[in-house]
Amino acid sequence: MNPSGFLSFEEAITAHDFRETAYCGLEYAAQQLQCSPEAVRSEVASGALQGWLTMGGFERIALTSLPGFSPLGGSEIKAPLRLLVVEDDASTMELYRCQFEQWNLPLDCTWMDSAVPALMDIASMQPQLLITDLSMPGLDGLELLRGLHRNPRLEGMQIVVISGWAPEYIAQRGALPPSIELLRKPVDFDWLRRYVTALVDLKR
């Protein structure tokens, strides 16, 4: 274990009490405990909370170690819907953040501005919903989706593609699987809110 108290991903998955699906990100834990992310890190370092790092270095907190959480339900802290948003445009990313905060839904969001770390880390993060752009430098969104399609551990993940590319151009590049929702930019946040709300309700 490193001095921060966070286990490496390899240490976490071999731990006796590891629960791969019962976790949240640092920001969600801080919101639920009504403290700062730095305070959560201190609690992990002291051993009061259990935490580990994904392969890409993102901090995860075991929900079962949060005061007030019960895996059987009826607790103050709810297991969130885990989202991964991949978007290289900073202004669009900020729009997502502002909208999600206004929705008042139990959402645990991880933000990435490139498809490369997403492809590296998504299997260890196990998001339940991926929202991604297609036009990104380096590895684009279509290449990301092709890589994810080859991973059987991600079969249950919902995917929403929000892109400025015309459907005809996407079709020329190989098209999208029919299970993927495709929206054109600018983002229709009313539609997205209804979709995310439905996923939250289904999870409950």
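On a predicted model such as this, the values are computed, not experimentally measured, just so you know.
The list of side-chain hydrogen bond (donor to acceptor under 3.5 Å, both in side chains) pairs with a residue in residues 139-148, not counting sequence neighbours, reads Asp140-Arg173. A ring pair (Phe, Tyr, Trp, His ring centres under 6.0 Å) check over residues 150-177, counting only residues at least two apart or in different chains, returns the pairs Trp165-Tyr169.
Residue Asp89 holds its CG atom at 10.0 Å from OG of Ser135, rounded to the nearest 0.5 Å. Interatomic distance, Met120 CE to Met112 CE, rounded to the nearest 0.5 Å: 7.0 Å. With rounding to the nearest 0.5 angstrom, the CD atom of Gln126 is 11.5 Å from the CG atom of Leu84. Distance check: Leu144 CG to Ile122 CD1 gives 6.5 Å after rounding to the nearest 0.5 Å. Leu49 CG to Arg41 CZ: the interatomic distance, rounded to the nearest 0.5 Å, is 13.0 Å. Atom OG1 of Thr132 sits about 9.0 Å away from atom CD1 of Ile159, to the nearest 0.5 Å.
Listed here is the closest heavy atom pair of Ala118 and Val86: CB-CG2, 3.8 Å. Across all non-hydrogen atoms, the minimal contact from Asp88 to Pro137 is OD2-CD, 3.4 Å. The two residues Ala30 and Ser36 have their closest heavy-atom pair at CB-C, 3.9 Å. Residues Ala115 and Met136 share a closest heavy-atom pair of CB-CE, 3.9 Å. The two residues Tyr28 and Pro106 make their nearest non-hydrogen contact at OH-CB, 3.8 Å. The nearest pair of heavy atoms linking Gly56 to Asp121 is N-OD1, 2.9 Å.
Within the 4.5 Å cutoff, no side-chain heavy atoms of Ser114 are placed close to those of Leu139. The closest side-chain heavy-atom distance from Glu11 to Trp52 is not below 4.5 Å. Inter-residue side-chain proximity for Asp133 and Thr92 is flagged as unmet; no heavy-atom pair is nearer than 4.5 Å. Contact check for Leu148 versus Leu130: side-chain heavy atoms found under the 4.5 Å cut-off. Ser8 is not listed as a side-chain neighbour of Leu53, based on a closest heavy-atom distance of 4.5 Å or more.
For Asp108, the side-chain hydrogen bond (donor to acceptor under 3.5 Å, both in side chains) test picks out no residue, with sequence neighbours left out. With sequence neighbours excluded, the residues that form a side-chain contact (heavy atoms from CB on, under 4.5 Å) with Glu168 are Ala166. Every salt bridge (Lys or Arg N to Asp or Glu O under 4.0 Å) that Glu87 has, sequence neighbours left out, goes to Lys185.
Clustering of Ile, Leu, Val, Met, Phe, Trp and Tyr by side-chain heavy atoms under 4.5 Å joins Phe100 with Leu81, Leu83, Val85, Met93, Leu95, Tyr96, Trp103, Leu105, Leu107, Trp111, Leu129, Ile131, Val160, Ile162, Leu183, Val187, Phe189, Trp191, Leu192, Tyr195, Val196, Leu199, Val200.
Asp201 CG: more than 12 foreign heavy atoms inside a 6.0 Å radius.
A distance-only check finds a donor-acceptor pair linking the side chain of Ser65 to the backbone of Gln50 [under 3.5 Å].
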